[in-house]
Amino acid sequence: MPLSSSQILFFSTLMLGTLLSISSSSWFGAWMGLELNLLSFIPLISSKNNQYSSEAALKYFLIQALGSSIIIMSASFMMSSSELATTLFTVALLLKAGAAPFHFWFPSVMEGLQWNQVIILMTIQKIAPLSLLSYLLYSNTLYIVPAAIITSALVGAIGGINQTFLRKIMAYSSINHMAWMMSAILISETNWLLYFSFYCLISSSVAILFNYQDVFHISHIVNHTPHSSHMKILTFTSLLSLGGLPPFTGFIPKWIIIQEMVSSHMFITLAILLASALLTLFYYLRVAMTALTISSPKTKWSTKSTISSYMTPSMIYMNIFGLLAPSLFTIIL
Amino acid sequence: MLKFMLACIMLMPLVNSWWAVQSSLFILTFILMLYCHHDFSNYMAGWCFNIDSLGYILILLSFWITALVVCSSQKVLKENNYPSLFLLVNIFLLFFLIMTFSANDYLLFYISFESSLIPTLILILGWGYQPERLQAGVYMLFYTLFASLPLLVSLISLYNMSGSLTLGLVENVSGAGFISCIWYVVTVFAFIVKLPMFLVHLWLPKAHVEAPVAGSMILAGVLLKLGGYGLIRVLPLFGEANKNLSWLWVSISLVGGVVVSLMCLRQVDMKALIAYSSVAHMGLVLSGLVVFGWWGVNGAVVVMIGHGLCSSGLFCLANMVYERIGSRSLLISKGLMNFMPSMALWWFLLSAGNMAAPPTLNLLGEISLIISVVSWSKVSMLSISLLSFFSAAYTLYMFSLSQHGKYYSALFSCCSGKVREYLILMLHWLPLNVLILKGSTVMFIL
């Protein structure tokens with residue numbers, strides 16, 4: 001996608017906001033970064049051609065502004081009653097990150113976006129709230145975060161089953177992955193970083209593939225899949241990678257998190273996470289199904305798209321065969 | 001072991017040439033056969049991979065079955081139904097199977113055990129015949145995954161306990177308290193679903209019925225054996241818990257085997273019948289394994305090998321009928337002796353293998369299994385006798401209904417068998433009946 005100059009500007013301020021909030025030493029600075037981030041995301045998503053995008057932008061603005069105002073309010077409580085302040089902070093950050101039970105805005109905003117904006121919302125926009133959340137693990141928030149983990153796992157798993165829009169499916173999958181990420185935060189920063197980097201890699205490669213084929217609905221996939229059968233299988237094994245099936249890259253972060261959770265005896269949470277992983281896998285598989293049935297019926301007007309860029313296949317390969325190259329993830333660690 | 005894995009990887013660029021892959025698979029099998037005997041218990045060792053006699057014989061079985069799978073799926077080549085992708089998927093499956101059987105680390109074993117699921121899923125979904133294959137694929141994936149995610153947790157707990165996951169270095173889980181029992185059930189359940197035991201077997205007939213011949217052959221031939229192999233590897237860690245709970249598995253699988261045999265007797269779908277008969281046989285394998293006797297384990301290995309060859313051959317036969325008649329129903333494909341008289345001999349010989357008649361490997365294995373289970377409890381004699389009686393009964397039912405009697409009047413004529421097909425059946429039957437002459441290759445290898 002060729003970027004216009006204003007998009008470049010807003011994208012750099014978006015990154016600046018994120019960097020500002022994760023590197024600031026005071027809550028006020030963190031708030032400022034979040035605001036900058038929010039206000040530069042709005043122009044990135046609104047476009048004249050699409051009426052849904054302005055709705056999404058409005059929803060996003062309202063929710064994020066609410067989150068930010070709670071943050072600035074609780075920053076002022078920090079001096080007087082820190083317990084109340086940290087609780088409010090946690091809730092506001094969960095709202096900003098789109099974790100259940102504050103997730104309701106997330107699928108509906110996602111639905112109005114283009115795929116490349118979806119990538120930003122799924123990856124970059126999570127960095128700031130999640131890393132701020134990792135500063136907040138006090139004794140009183142240690143009840144909120146596990147509750148959010150469990151609800152996110154369940155909501156992400158059950159919510160996605162009923163969806164046929166790919167962006168909503170990606171949204172619910174993101175909510176489910178939030179549960180894993182928050183459990184990683186509870187354990188250590190490194191784990192969170194690892195899980196998050198892998199999640200970014202996998203989910204953005206899936207979104208790039210969908211963007212490439214211009215699909216927004218499950219039924220579009222039947223008509224739009226590229227003609228080469230190899231490509232078809234590669235494409236949709238990356239969905240299984242998102243689900244975290246063993247031979248694929250998506251298994252690596254899950255494996256690490258499971259290992260850490262077992263060694264810190266979080267068996268109940270782990271059981272819920274694993275059960276929800278099965279359910280998410282079910283809806284990924286439903287998306288992938290049309291491609292895995294290699295000679296499926298096609299309509300006459302199905303387009304033949306061939307992947308010409310080198311980036312997409314390389315991302316898919318990275319996505320699928322990561323487990324064969326273990327040095328890939330030791331770099332991140 | 002790396003040489004065989006590399007050989008598999010090097011086969012992948014060759015997938016455009018069907019004949020090259022097929023003949024290389026046979027050549028690789030013969031090369032692997034040269035490694036049959038070794039003075040040391042673990043050999044071909046390298047980083048994370050080595051094989052012992054058990055792993056060796058199962059890897060040999062996987063090579064053999066994969067070569068035969070390629071041979072018998074010639075229709076894919078003839079109809080140009082994505083042949084190179086088909087070969088690629090098969091080679092991947094073989095690769096993961098070699099990894100599974102030669103891994104000397106539980107986690108690597110787990111990863112490759114799970115990985116073999118994906119090529120199987122692609123085989124079923126990609127080359128199956130009917131729309132129901134989607135349901136069958138999902139069933140298979142979710143049954144297996146549901147049971148095996150807890151296995152991962154259990155393996156990692158084992159790692160936390162003993163600091164290593166290398167086979168033979170892991171500490172035993174002592175005691176038979178509540179935690180150990182839960183741990184034990186969680187660990188073995190994945191393999192029990194894969195085997196499959198009665199009650200969790202529902203995915204198997206569906207998968208078999210919907211899979212193409214390649215899928216059924218490899219599923220019956222090797223993938224079910226993954227469950228038995230895994231049990232042989234993990235059961236020694238849970239000695240006491242197993243001692244307390246083995247009655248559960250033995251009774252479910254023996255009684256379930258009888259029930260499944262009765263279900264076989266009312267099947268009209270040829271492939272479903274063979275699939276249900278695998279459930280019955282695997283029930284006996286499971287009970288031999290969990291009673292923890294020397295005879296039981298060895299008998300289980302022998303039955304695994306024998307059943308792998310025999311049921312794979314039967315699926316092959318069923319597919320040959322399906323390719324000619326276009327139906328798996330025993331009501332349509334009856335009286336086939338009139339059409340394919342020489343094929344009837346193979347039907348007979350492989351059916352004899354399936355009912356564990358002498359001189360097949362199945363007989364050797366089942367005798368040892370029966371000895372082991374009966375010495376564990378006299379009561380099991382009742383269901384074991386019913387089980388072996390019915391296994392003969394349903395195999396005879398399948399043989400007589402498909403071969404004898406009046407043929408279906410809508411059928412006119414068909415090819416009575418090609419050299420390739422006879423060769424495939426021969427290559428299934430020969431090891432099944434010849435290996436018993438040197439039983440030490442499969443018996444008492446542990």
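None of the values given here were measured: they were computed from a predicted structure. Here is how names work: the chains are called A, B, and so on, in the same order as the sequence lines, proteins then strands, and each is numbered from 1.
- B/Leu152 touches chain A through its side chain: at least one heavy atom from C-beta onward sits under 4.5 Å away, while N, CA, C and O do not.
- For a residue to count as touching a neighbouring chain, one of its non-hydrogen atoms must lie under 4.5 Å from one of that chain's; by this rule B/Phe86 does not touch chain A.
- Both the backbone and the side chain of B/Ile111 come within less than 4.5 Å of a heavy atom of chain A.
- Heavy-atom distances place the side chain of A/Phe248, and not its backbone, under 4.5 Å from chain B.
- Looking at A/Leu278, both its backbone and its side chain come within 4.5 Å of chain B, counting heavy atoms on both sides.
- Within the 4.5 angstrom heavy-atom criterion, only side-chain atoms of B/Tyr159, from C-beta onward, approach chain A.
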Worksheet entry | Test log, rule side-chain contact (heavy atoms from CB on, under 4.5 Å), inputs A/Arg286 and B/Val138 | CA-CA 9 Å; A/Arg286 221 174 41 170; B/Val138 173; over 6 Å; no
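- Only the side chain of B/Leu141 comes within less than 4.5 Å of a heavy atom in chain A; its backbone stays farther off.
- Going from atom CD of A/Gln259 over to atom CG of B/Asn160 covers 6.5 Å, rounded to the nearest 0.5 Å.
- The structure places CZ of B/Phe142 at 4.5 Å from CG of A/Leu281, a figure rounded to the nearest 0.5 Å.
- A/Trp255 and B/Leu107 get closest at one heavy-atom pair: CZ2-CD2, 2.9 Å.
- More than 12 heavy-atom neighbours from other residues, nucleotides or ligands sit within 6.0 angstrom of CE on B/Met12.
- Atom OH of B/Tyr129 has more than 12 heavy atoms from other residues, nucleotides or ligands within 6.0 Å.
- Between A/Leu245 atom CG and B/Leu121 atom CG the span is 9.0 Å, to the nearest 0.5 Å.
- Between the CZ atom in A/Phe267 and the OG atom in B/Ser157 there is a gap of 4.0 Å [rounded to 0.5 Å].
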